[in-house]
Amino acid sequence: QTNHITLDPGYGNTGSCESGITFIDGDKGILRYRGIPIEEFADSPSFIEVAMLLINGTLPTAEEYASFSADLTRFANIDEGMKYHFQGFPRAAPPMAILSAMINALSCFYPELHELEDEQQFRQASARLISKVRTIAAYAYRHSKGLPYMYPHPAMRYVPNFLHMMFSQPYEQYVCPEIVSKALNLILILHADHEQNCSTSTVRMVGSSGANLFASCAAGVCALWGPLHGGANVEVLNMLEQIHQGNITPEEYVKLAKDKDSKVRLMGFGHRVYKNFDPRAQMLQKIAQELVPVLNRNDPLLDIARRLEEIALSDPYFVDRKLYPNVDFYSGIILRAMGIPTNMFTVIFAIGRLPGWIAHWWEQHQAPGSRIARPRQIYTGTTNAHYLPMEERN
Ligand code: SDX
């Protein structure tokens with residue numbers, strides 16, 4: 001069952017495409033990865049297992065999983081030369097700027113992966129990207145703090161290894177609590193793909209020109225950065241902090257979000273497709289309720305978030321417009337409880353979404369009859385104008 005909108009694998013002139021990776025029913029709040037309902041991953045042990053499902057189309061066997069995991073370990077380091085790029089960024093550089101730049105820079109070290117003609121090459125490029133995106137993200141954080149880089153640990157699993165590179169010190173290794181590893185795995189799973197969202201459509205659009213996988217994913221990072229898209233999880237925390245600081249009450253904030261002139265939106269609310277509920281938000285709310293009291297006992301932001309949700313969901317403005325919490329409403333609170341800094345929230349979203357981007361890029365790359373994306377427009381500009389010499393212009 002796929003969303004047949006038009007029979008065009010690559011956004012011909014219609015601005016939409018056919019895909020068999022992720023299915024969404026916005027009215028029923030259904031989200032399925034390769035046909036599997038998102039709820040069935042609630043106890044999934046591994047983000048990597050779901051990444052392989054999205055990319056390969058089927059859940060991996062134990063042997064396939066072990067082989068891909070070995071590649072992720074093998075590919076975890078980045079070329080020492082890339083460290084000079086980090087040094088060139090100001091400490092306060094937005095990590096999403098660094099991530100996009102460094103994914104592009106990464107492709108320069110693997111020119112053989114610019115032309116992916118067979119499955120083997122594609123698998124290797126995918127493993128390199130999925131493994132190294134953690135290292136790049138962690139190094140961006142370490143650079144922002146003036147901390148030494150922590151090399152990936154060969155014996156650690158994907159998520160604990162990322163947190164090790166983020167938080168370990170030369171004198172003390174960060175030990176990832178199982179509850180954190182499980183929660184962050186699930187957060188990455190819930191972000192792994194979402195059909196033709198803005199950033200995934202960007203990856204497909206850029207990839208349709210023949211741009212390599214790395215360049216296409218670097219473009220996806222830029223699209224995800226926007227506050228209306230992946231950047232919303234940061235804006236949600238800013239919103240909750242404003243209320244927590246006492247600058248405004250939840251009631252006043254909701255009132256402001258209803259006032260068009262205020263240009264304020266209830267961040268983490270609303271969705272172009274979900275017009276009932278976002279199943280991911282429901283699962284993330286549950287994680288937040290279980291995890292935050294354990295990790296960050298007195299975090300008032302969770303109560304503020306719940307109060308905002310309660311007010312909005314009883315307000316006709318939001319109910320009539322079918323505005324419900326989306327994936328970004330609770331994710332930031334959970335990441336904050338894990339000690340992840342706010343400016344890394346969207347980077348975590350990008351790490352999660354990367355397998356989806358890779359899967360879509362390859363689906364389109366492989367699709368028979370795939371063409372360069374070339375949406376059309378309705379022209380609303382001046383017609384029949386003529387050139388005037390400078391002296392005749394006023
Ligand atoms: C993600 O596409 C995806 O799948 C994205 C994503 C993914 O996994 O890739 O799900 C991830 O991007 C989630 C969305 C994160 N963004 C936010 O939380 C930002 C706040 N939300 C909004 O800006 C908005 O709801 C969007 C961007 C999510 C959706 O925008 P739409 O579909 O274009 O909705 P709209 O702007 O046309 O709004 C429709 C009406 C308008 O009012 P009216 O003109 O009808 O009177 O609803 C209002 C809007 O003003 N509205 C809001 C609102 N969202 C919509 N009013 C207040 N607060 C909000 N959050």
Side-chain angles (χ1 to χ4, degrees), residues 3 5 15-17 19 21-27 29-33 38 50 54 96 187-205 217 219-240 242 250-285 305 308-309 311-313 315-333 345-346 348-357 359-360:
N3 287 348
I5 300 167
S16 56
C17 75
S19 172
I21 299 170
T22 292
F23 174 77
I24 300 175
D25 181 323
D27 292 326
I30 293 174
L31 171 56
R32 297 186 190 125
Y33 289 162
I38 195 79
V50 175
L54 288 167
M96 288 294 272
I187 285 177
L188 294 177
I189 288 169
L190 293 175
H191 286 80
D193 192 46
H194 211 239
E195 197 221 63
Q196 301 308 318
N197 59 86
C198 180
S199 54
T200 301
S201 298
T202 301
V203 170
R204 289 183 77 115
M205 180 80 79
C217 290
V221 170
C222 294
L224 188 71
W225 190 359
L228 293 183
H229 190 13
N233 53 20
V234 177
E235 299 303 326
V236 169
L237 257 289
N238 294 339
M239 170 179 77
L240 297 176
Q242 266 190 65
E251 291 74 10
E252 287 164 344
Y253 199 101
V254 169
K255 189 164 177 239
L256 209 52
K258 290 160 57 178
D259 171 6
K260 293 283 182 280
D261 297 336
S262 74
K263 304 281 185 254
V264 168
R265 291 209 153 180
L266 190 55
M267 299 313 277
F269 254 71
H271 199 278
R272 177 63 56 79
V273 178
Y274 289 121
K275 297 305 174 189
N276 192 335
F277 61 91
D278 182 335
R280 302 168 298 175
Q282 292 192 325
M283 293 173 76
L284 286 165
Q285 186 193 46
L308 280 173
E309 185 177 2
I311 298 166
L313 295 188
D315 186 312
Y317 172 93
F318 292 90
V319 176
D320 295 350
R321 290 170 177 78
K322 301 181 184 296
L323 303 176
Y324 299 89
N326 59 48
V327 69
D328 291 298
F329 191 64
Y330 284 103
S331 58
I333 296 170
F345 287 1
T346 312
I348 303 281
F349 193 147
I351 293 173
R353 186 54 51 90
L354 184 61
W357 291 339
H360 280 272

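All values reported here derive from a predicted model rather than from experimental measurement. When a ligand or atom number is given, it counts from 1 through the structure's own listing order.
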Value rounded to 0.5 Å, distance of CG in D328 from CE in M267:
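Spacing of CG (D328) from CE (M267) equals 8.0 Å.
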
Polar-atom distance check: [X] versus ligand 1, any N or O pair below 3.5 Å?
| X | result |
| --- | --- |
| D278 | no |
| R353 | yes |
| G230 | no |
| V264 | no |
| V327 | no |
| K275 | no |

Step through the shown structure and confirm whether more than 12 heavy atoms of other residues, nucleotides or ligands are within 6.0 Å of NZ on K260.
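More than 12 within 6.0 Å, yes.
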
For ligand 1, does L228 get within less than 4.0 Å through its side chain, its backbone, both, or neither, judged by non-hydrogen atoms?
both

With A281 via side chain to side chain contact (heavy atoms under 4.5 Å, CB included) - residues at least two apart:
D278, P325

Looking only at protein heavy atoms, identify the closest one to atom 45 (O) of ligand 1 and say how far it is in Å.
R321 NE, 3.6 Å

Against heavy atoms of N197, which atoms of ligand 1 measure under 4.0 Å?
2 (O), 3 (C), 4 (O), 5 (C), 9 (O)

For N326, take its heavy atoms, then give the atoms of ligand 1 lying under 4.0 Å from any of them.
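In order of numbering, the contacting atoms are 13 (C), 14 (C), 15 (C), 17 (C), 18 (O).
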
Quick one: list whatever passes salt bridge (charged side-chain N to carboxylate O under 4.0 Å, His left out) with E252, sequence neighbours left out.
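Salt bridge (charged side-chain N to carboxylate O under 4.0 Å, His left out) check on E252 returns nothing, list empty.
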
Please say whether the positively charged group of R353, taken as NZ for Lys or CZ for Arg, lies over the ring of F349, i.e. under 6.0 angstrom from the six-membered ring centre and within 45 degrees of the axis.
no

Proximity winner for atom 36 (O) of ligand 1, if only heavy atoms of E235, R272, K260, R265 are counted:
R265

